[in-house]
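Just follow the structure's listing: the first ligand is 1, and inside any ligand the first atom is 1. Basis for what follows: all heavy atoms, side chains included, without hydrogens, waters or symmetry-related copies. We count residues from 1, following the sequence as given.
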Amino acid sequence: MTDKVLAIIPAAGIGERFQSDIPKQYEYLDGQSVIEKTIKPFLESKFISKILIAVSKSDNFIKEQNFFDNEKVEIVEGGETRAISVLNALNETNENYDYVITHDAARPNITAKDLVTIYEKITSSKSDCSFFYKPIVDSIKESKSNKTINKQDYYLVQTPQISKLNKLKSSLAYLIDQKIDVPDESFVMESQGYHVSKIEGKASNIKITYNHDLNLLRKLNSRVGSGFDLHTYKPGAGFTIGGYMLQCDYAIEAHSDGDVLLHSIADSILGAAALGDIGIFFSDKDPSNKGLDSKEIINFCLEKIHEMNLEICNVDATIICESPKISPHRNNIIDSLSEILKISKSNIGLKATTSEKIGIIGEHKAIAVQSLVNLKEIL
Ligand code: ZN
């Protein structure tokens with residue numbers, strides 16, 4: 001790759017179809033903003049030397065983005081339309097670039113590899129412009145006549161797109177001057193008779209247009225958390241584990257009800273949501289937590305994640321004890337967990353193992369649980 005490649009991200013749109021006070025490119029997605037996620041592969045790319053981001057004059061959000069001070073990034077003023085934003089950015093560049101990659105700010109699901117793929121497409125096909133496309137899978141109708149048309153004759157156009165910079169710049173200026181609507185750069189190049197080529201893109205390369213697009217992308221991201229808890233035994237007539245009363249010759253030493261399985265799962269939930277651990281919310285120094293029903297801890301954790309629009313996808317836990325034998329109670333514990341966690345039994349993994357007679361667990365003096373919880377965005 002010896003060519004000089006510039007990237008332009010038009011991000012001046014106000015997104016009328018997106019019902020929110022925050023422009024869609026600044027909405028939260030997977031621990032960052034949409035545009036931060038979009039820009040990341042461009043920052044990582046070894047062959048893109050500059051990224052121009054065109055934003056509207058009144059944009060107050062851009063300064064807060066994590067790439068704002070990156071030396072590869074330059075912020076330029078956008079225009080009323082996407083086409084004007086791209087042209088403004090092209091006019092800002094003094095250096096000579098061979099190619100320009102244009103990409104929508106609200107398409108955050110691309111990778112650095114996609115950028116290499118599109119670059120290789122334009123060079124190998126000797127085209128003037130290359131772009132990703134998506135075949136149409138749904139049936140389509142013509143909106144005026146309501147007549148079904150042959151979907152094989154059509155496809156959808158995505159970004160990123162790559163164009164020869166000089167040709168794009170002069171053609172775009174011409175079309176804007178002629179007041180011709182410009183949907184994207186491939187249109188500019190095709191309208192001037194330049195050689196355009198396409199390569200199949202990914203269905204996951206979603207353009208966030210409506211609120212539900214953002215929700216769908218959030219759903220694709222999952223969060224995982226791990227938990228561990230251990231309690232010592234004392235002689236007794238049984239203990240609750242996963243909310244199920246297991247009758248045996250032991251009881252649990254604990255400030256609360258000592259439900260080792262629910263404690264471990266609670267920590268997994270809090271961990272997946274990056275909220276800390278149960279000690280922060282339910283201190284064992286607090287007398288009001290004495291004998292606390294651990295179902296309350298789980299309910300608290302579920303409320304916390306619901307506030308974050310998250311829900312449990314699945315749970316996997318391993319009970320570690322020498323005795324009592326867990327397997328005869330396994331189904332009952334899963335039934336109880338399903339009710340407490342409000343998820344189906346098919347989303348609960350429960351295993352049991354021993355510590356091979358070694359250590360405090362091996363000496364029948366304690367029981368421990370290790371667990372994992374996977375959280376997903378609620379659609
Ligand atoms: Zn505990």
Side-chain angles (χ1 to χ4, degrees), residues 223-305 310 312 314-327 329-330 332-343 347-355 358-375:
R223 309 176 64 115
V224 72
S226 74
F228 178 81
D229 194 33
L230 181 147
H231 283 274
T232 48
Y233 286 145
K234 60 185 178 186
F239 53 86
T240 45
I241 181 158
Y244 165 77
M245 184 63 202
L246 192 158
Q247 281 167 355
C248 61
D249 298 332
Y250 305 104
I252 297 273
E253 297 268 16
H255 184 65
S256 68
D257 67 357
D259 194 319
V260 64
L261 178 54
L262 292 187
H263 292 178
S264 177
I265 290 173
D267 260 355
S268 298
I269 298 170
L270 294 172
L275 290 172
D277 59 52
I278 52 176
I280 296 172
F281 302 103
F282 298 93
S283 167
D284 56 10
K285 309 268 183 308
D286 184 346
S288 70
N289 289 334
K290 185 143 181 59
L292 178 71
D293 183 345
S294 297
K295 290 198 277 294
E296 280 184 38
I297 300 176
I298 294 291
N299 283 338
F300 171 85
C301 295
L302 295 180
E303 268 172 39
K304 279 276 173 202
I305 61 166
L310 296 167
I312 296 176
N314 74 304
V315 173
D316 185 31
T318 304
I319 301 169
I320 311 156
C321 65
E322 214 64 34
S323 58
K325 257 196 145 355
I326 298 298
S327 56
H329 306 282
R330 191 174 164 273
N332 290 330
I333 298 171
I334 291 175
D335 284 347
S336 172
L337 278 181
S338 169
E339 207 169 294
I340 295 166
L341 297 171
K342 301 175 182 72
I343 56 174
N347 287 326
I348 299 171
L350 187 68
K351 293 108 64 196
T353 189
T354 67
S355 76
I358 291 182
I360 185 174
I361 294 173
E363 291 164 11
H364 304 256
K365 290 178 181 163
I367 181 168
V369 170
Q370 193 172 297
S371 61
L372 278 176
V373 164
N374 181 225
L375 300 184

message: I'd like to know whether CD of Glu339 has more than 12 heavy-atom contacts from other residues, nucleotides or ligands below 6.0 angstrom.
response: no
- prompt: Can you check whether Ile269 reaches Ile312 side chain to side chain, under 4.5 Å on heavy atoms?
  reply: yes
Run the side-chain donor-acceptor check on residues 239-247: report pairs under 3.5 Å with partners two or more places apart or on a different chain.
{"unit_1": "Tyr244", "atom_1": "OH", "unit_2": "His329", "atom_2": "ND1", "d": "3.0"}
{"unit_1": "Tyr244", "atom_1": "OH", "unit_2": "Asn332", "atom_2": "ND2", "d": "3.3"}

message: What verdict does the side chain to side chain donor-acceptor pair (under 3.5 Å) test give for Asn289 and Ser256, after you've listed the backbone C-alpha separation in whole Å, the side-chain angles of each residue and the deciding distance to 0.1 Å?
response: CA-CA 6 Å; Asn289 289 334; Ser256 68; over 6 Å; no
task: Sort by chain and number the protein N/O/S atoms that are closer than 2.8 Å to the Zn ion (ligand 1), and list them.
output: Asp229 OD2, His231 NE2, His263 ND1
- request: Mark yes when over 12 heavy atoms from residues, nucleotides or ligands other than Lys325 sit less than 6.0 Å from its NZ; otherwise mark no.
  value: no
- prompt: Is a side-chain donor-acceptor pair under 3.5 Å present for Asp284 with His255?
  reply: no
